[in-house]
Every structure is written in C-alpha cells, then in structure tokens.
Amino acid sequence: MRAAPGVRTSPDFPVPDTMKAWVLGDPGQVALTDKPVPTPKRAEVLVRIDAVAICATDLEIIWHGPPASIQGGFAFNKNFTPGHEYMGTVVALGPGVDEYRIGQRVTVEIHAGCGQCKRCREGMYTACHNYGLNYGEVDKGHRANGFTTDGGFCEYQVNNINTLVAIPDAMSDEEATLVVTAGTAMYGLTELGGLVAGESVVVTGPGPIGLLGVAVAKAMGAQPVILTGTRDNRLKTGLELGADHVVNVRNEDAVEAVRRLNGGKGVDYVLECSGAPNAVNEAIRMVNRGGKVCLAAFPHEQVPVDIAHIVRNNIYLYGIRGEGKSATHRAEAFMSQKRFDATKIHTHTFALEDLPTALRYARERIEDAIKVVVKAKGVATRKMAAE
Ligand SMILES: [Zn+2]
Ligand SMILES: [Zn+2]
C-alpha cells in the first residue's frame with residue numbers, strides 16, 4: 001500500500017505493497033496476477049479479505065459481462081478483479097475514519113452509491129443514478145466493488161465505510177460472507193411491506209437468495225412460508241431454514257399447490273427468485289387480490305406477462321437490485337441472534353489460488369454446490385455437501 005497523508009495502519013496488521021489478485025480476461029477466463037494494494041481515501045478503509053463467496057452474478061459477469069460496467073463498458077480484459085460477497089479484517093483507515101478500528105472483523109455490502117443523487121438520498125443506493133460513473137473525468141464517487149470497481153477475488157480491497165457491517169467474533173468467516181445474500185432477501189421483503197408477522201409468503205426458486213428469503217420471512221414471523229422449486233435436496237434445505245411447506249413444481253402445479261396449502265386463498269407476498277420464463281404469470285396467480293410480488297431474479301429473454309390480471313386484481317410488482325436501505329445490517333442482526341442458520345447453504349470452501357475450480361463447482365453445481373466460498377491464507381478445508 002502506498003503511504004498517504006492521514007492514512008493509519010498498525011504494526012499488528014502489516015500491509016504489503018502488492019497482493020495476489022485474480023483478473024478477468026476474455027469471457028470465462030480468470031488469471032492470477034500481482035496488483036498494488038490500494039490505499040483508502042476519505043471515508044474508506046482497507047479490508048484484508050479473509051473469505052469471499054461466489055454469487056451467480058459473478059458467474060454472469062465472468063462469462064457474459066453485465067451487470068459489471070468498467071469504464072463505461074464491458075469488464076473483459078481491463079485488469080478488473082471480480083467478486084463482491086466478501087468479508088475480512090480492517091487493516092488500514094482512510095483520513096478521518098473513526099467509525100471502525102484496525103483489527104475489526106467486517107463483512108461488506110456491495111453498493112457505495114454516489115451519496116448525492118435522488119435515489120441515494122432515499123436510501124436506494126443500489127439504484128444510484130450515477131451507477132458506474134467513477135472513473136476519469138466523470139468521477140461521481142460511485143463504487144460497487146466487483147461490478148464497477150475492483151472486487152474481492154484478491155487479498156485486499158478498499159471499501160467505503162457505508163458498505164461495512166461489523167460482525168461478532170462468534171460468526172465464522174464463511175457465515176459472514178452470506179450476510180449480503182440474506183441482506184438481499186431482507187431488502188425484497190422490506191420493499192414488499194416491511195414487517196410481515198402473520199402474513200403469508202411464497203418464495204419461488206431455492207437458490208441462495210430464495211433459501212435465505214425463506215429464512216428471513218420466517219424470522220420476521222410470516223405464516224405460512226411456502227417454497228417452490230425443482231430440486232428436492234434444495235427444498236429440504238428450505239425446510240431446515242424454516243419453510244412451512246415446500247412444493248416440487250415438477251410433481252404438481254405450483255399455483256394450485258400454493259392455494260391448497262393456504263386454505264384455498266392466494267398469499268400476501270411472493271418473493272420471486274427463480275427467473276423462470278413463466279414465473280411472473282405464476283406469481284401473480286399465487287398472490288391474493290391486492291397482493292405484492294417482488295422480482296429478485298429474471299429470465300434472459302423477454303416474456304409475455306398477463307397485464308390484465310395484474311390490473312384487475314390490483315397486484316403490485318416490484319423489481320429490486322441488490323440490497324438497499326441498510327437491509328444488510330438488519331440481516332446481520334438476525335444472523336448474530338441466530339434466528340436462522342445461513343451456513344446451511346454453504347457447501348464448499350476452496351483456497352483463493354483454486355478460484356477456477358471453485359467457479360466450476362458453483363457454475364456446474366458439482367456435488368450439489370449451493371454457496372462456494374474461497375478463502376485467502378491458503379485455508380483449503382473443503383466442507384462437503386450435507387448429502
Ligand atoms: Zn451476489
Ligand atoms: Zn447516487
């Protein structure tokens with residue numbers, strides 16, 4: 001790290017000048033290189049990355065490009081380091097930072113909005129109007145590590161303090177990488193209506209966000225919580241995380257099953273995490289009149305939607321991006337209280353040096369991989385899937 005006025009470090013956590021960092025080359029190609037350790041500026045700290053989880057969005061970025069936007073374009077061959085679901089230890093403080101201390105363990109959320117646009121002022125910093133405007137002459141101060149700025153598949157990264165979440169000692173590195181995923185589920189439920197005690201929720205799609213959506217909904221007192229999906233092993237994990245009922249849509253019609261399980265009525269909320277082409281049309285038939293549907297996933301192609309059904313039944317449709325309104329802090333509060341065990345979705349751990357293998361496990365769902373974590377410091381203990 002380059003020394004700079006006002007930047008503080010500690011002999012207990014020496015910071016080297018350079019680090020190992022994976023960079024994205026052509027689509028699907030990552031290479032391990034050396035990069036300078038970045039220096040924190042005002043309102044930033046330097047985080048030593050201890051663990052980073054692989055997200056489906058990382059696979060999207062590495063193989064297809066969007067939603068990453070580097071210097072206003074595709075992320076390929078720009079010396080860009082992907083990875084965004086990481087945690088670690090604060091090892092240097094930028095000028096004026098007194099909110100965190102060196103040696104403190106933190107996990108991160110992704111979006112440091114510009115802080116000055118209309119949406120940032122509303123707490124919707126994941127929908128910042130200056131997204132990706134953080135380079136050269138157009139520097140608006142926006143950062144989304146792993147999307148518009150360097151991310152976490154490396155040893156150190158700078159983070160705005162507004163993206164940090166302090167974590168308790170009792171929370172493992174692996175569990176801490178899952179806070180942001182639970183934060184996305186929390187944000188979806190926040191946008192759907194906040195406290196959902198006693199109201200009925202369907203979660204469609206048992207990916208990481210869907211599974212933690214079940215956990216968060218149940219922890220918020222929703223009743224019943226119904227999870228739909230196609231893989232029995234993931235539905236079983238959903239039951240362990242608090243689902244009252246699960247529906248394998250290969251065996252029965254999802255809409256009919258939801259109505260049967262909810263006393264013949266539609267539910268109050270649907271959190272759509274499957275991205276299946278017909279998911280919206282099914283979700284709007286799972287909710288009751290005036291119900292709300294949050295879309296946290298999407299299909300790659302455009303799909304026809306039954307608008308008339310939405311209008312006639314006063315159904316609300318929300319799209320969400322990431323985790324706004326400090327939802328990650330609320331998710332961490334639930335997790336540190338052990339209101340649910342997010343580690344049930346963590347299946348594998350690899351060393352940082354083995355990132356290509358880890359990516360392959362996540363992409364091809366080898367050994368029923370759900371969340372694959374990569375750990376620095378050469379800790380390559382593999383946690384096997386539960387079955
Ligand atoms: Zn993610
Ligand atoms: Zn903004």
Side-chain angles (χ1 to χ4, degrees), residues 24 43 49 51-69 75 80-87 107-135 138-153 157 159-160 162-163 165 174-188 205 207-213 216 271 273 275 295-298 319-328 331-332 342 345-347 355 358-359 362-363 369-374:
L24 179 59
I49 297 168
V52 49
I54 295 171
C55 174
T57 312
D58 292 319
L59 305 174
E60 200 63 31
I61 288 167
I62 290 168
W63 269 270
H64 303 290
S69 173
F80 164 65
T81 297
H84 58 272
E85 297 183 356
Y86 58 91
M87 60 74 59
T107 191
V108 304
E109 57 183 296
I110 295 124
H111 298 259
C114 72
Q116 61 201 35
C117 77
K118 179 179 182 176
R119 293 294 172 240
C120 280
R121 297 281 290 163
E122 292 173 339
M124 293 175 66
Y125 41 85
T126 60
C128 174
H129 287 178
N130 287 318
Y131 184 84
L133 299 183
N134 51 0
Y135 54 91
V138 289
D139 190 351
K140 294 285 187 181
H142 174 274
R143 286 187 74 93
N145 284 3
F147 290 86
T148 65
T149 42
D150 271 352
F153 293 139
Q157 200 48 266
N159 271 83
N160 191 298
N162 69 17
T163 64
V165 183
E174 289 82 352
E175 184 175 10
T177 66
L178 305 172
V179 170
V180 70
T181 309
T184 301
M186 176 71 83
Y187 185 41
I209 293 171
L211 287 168
L212 293 188
V216 172
L271 184 60
C273 303
L295 308 175
F298 54 87
I320 58 158
R321 169 83 194 265
E323 58 304 300
K325 297 186 180 171
S326 296
T328 305
E332 188 280 331
I345 68 167
H346 166 233
T347 53
L355 181 67
L359 291 172
R363 189 163 185 246
I370 304 179
K371 267 295 185 193
V372 179
V373 172
V374 171

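For ligands, and for the atoms within them, numbers begin at 1 and follow the listed sequence. This one's a predicted model, so the numbers in the text were calculated from it and none came from an experiment.
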Check your understanding: Is it true that the NZ or CZ of Arg321 lies under 6.0 Å from the centre of Phe298's six-membered ring and within 45 degrees of the ring axis?
Key -> no

Review point. Quick one: does Gln157's side chain have a donor or acceptor within less than 3.5 Å of a partner on Gly152's backbone?
Key: no

Review point. Which N, O or S atoms belonging to the protein are less than 2.8 Å from the Zn ion (ligand 1)?
Key: Cys55 SG, His84 NE2, Glu85 OE2

Review point. Does Glu122 pair with Lys325 as a salt bridge, N-O distance under 4.0 Å?
Key: no

Practice item. For the atoms SG of Cys128 and SG of Cys114, give the angle they form at the Zn ion (ligand 2), rounded to 10 degrees. Key: 100°

Check your understanding: Hey, is the Zn ion (ligand 2) within less than 2.8 Å of some N/O/S atom on His129?
Key -> no

**Study point:** side-chain contact (heavy atoms from CB on, under 4.5 Å) between Val52 and Thr177, worked out
**Key:** CA-CA 6 Å; Val52 49; Thr177 66; 5.5 Å; no

Practice item. In sequence, state the C-alpha distance, the side-chain angles, and the governing distance for Lys371 and Glu85, and then conclude on salt bridge (Lys or Arg N to Asp or Glu O under 4.0 Å). Key: CA-CA 11 Å; Lys371 267 295 185 193; Glu85 297 183 356; 2.6 Å; yes

**Study point:** side-chain contact (heavy atoms from CB on, under 4.5 Å) between Cys128 and His142, worked out
**Key:** CA-CA 8 Å; Cys128 174; His142 174 274; 3.7 Å; yes

Revision key, fill the gap. Interatomic distance, OG1@Thr181 vs CG@Leu211, rounded to 0.5 Å, equals 10.5 Å

